[in-house]
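So the structure is just underneath, and the comments pick up after that.
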Amino acid sequence: GVVAVGAYAGENGSGAYANILLGFASRIESAISNAFVAGSSGDLGGGYKTHISDVYFGSGVTDSDPKSYVIHGTGGSGTDVAGANVSLAGGIGTGSADGGSLNFRTAAAGSSGATANTLTTHMTINSDGLILLPTIPTSDPAVAGALWSDSGTLKISAG
């Protein structure tokens, strides 16, 4: 079965099953099964597409008392049963175009007030598998286990 939520949401693929489609005109164009799709690349005329640019888990977009959460792969059950892997993937490119990178971003504390702080990318794994650290400190931050660069030499702070 297919669960489709949103105007004109549906499935175009053949032989697909167990999919969840969310958003205006969201659809699966090939025989993909067991997928969750949010957004749409389809155009029903007039340029209408659903572009999901941010996803929030936990306590909604903002909350005066936000709660932490953990994303889990399925755990094993029974004797000596391994747990499932969890994979993160950037978008797949076509032909000679690169795939998408994985960017790790956090928001450092700003000045006092109710204004949201700005996200900064601190680590990227690009499509070539290179790990980039654009904000790595260039002097020892004196925090045990922190990475820093000493004239291009990667070091670990003793704290």
Rounded distance [0.5 Å steps], CG in Leu133 versus CZ in Phe104: 11.0 Å

Have Asn103 and Thr124 got a donor and an acceptor in their side chains that come within less than 3.5 Å? yes

Are Leu130 and Ile125 close enough that some pair of their side-chain heavy atoms sits under 4.5 Å apart? no

Tell me, which pairs form a side chain to side chain donor-acceptor pair (under 3.5 Å) where one or both residues lie in residues 108-120, sequence neighbours left out? none

Interatomic distance, CG@Leu102 vs CD1@Ile131, rounded to 0.5 Å, equals 10.5 Å

Looking at Ile156, I want to see if its CD1 is surrounded by more than 12 non-hydrogen atoms of other residues, nucleotides or ligands under 6.0 Å. no

Residues 55-64 side chain polar contacts: donor-acceptor under 3.5 Å, at least two apart:
| unit_1 | atom_1 | unit_2 | atom_2 | d |
| --- | --- | --- | --- | --- |
| Ser59 | OG | Lys67 | N | 3.2 |
| Asp63 | OD1 | Asp65 | N | 3.2 |

Compile the donor-acceptor pairs under 3.5 Å between side chains in residues 69-79 and protein atoms, sequence neighbours left out, one pair per line.
none

side-chain contact (heavy atoms from CB on, under 4.5 Å) between Leu132 and Thr121, worked out: CA-CA 10 Å; Leu132 309 171; Thr121 299; over 6 Å; no

Pairs under 3.5 angstrom only: tabulate donor-acceptor contacts from the side chains of residues 144-153 to other protein residues two or more places apart or in another chain.
| unit_1 | atom_1 | unit_2 | atom_2 | d |
| --- | --- | --- | --- | --- |
| Ser149 | OG | Gly152 | N | 3.2 |
| Asp150 | OD2 | Lys155 | NZ | 2.7 |

Do any pairs count as a side chain to side chain donor-acceptor pair (under 3.5 Å) and have a residue in residues 128-140, sequence neighbours left out, and if so which ones? His122-Thr135, Asp140-Ser157

List the atom pairs, donor and acceptor, that lie under 3.5 Å between side-chain atoms in residues 83-99 and the rest of the protein, sequence neighbours left out.
none

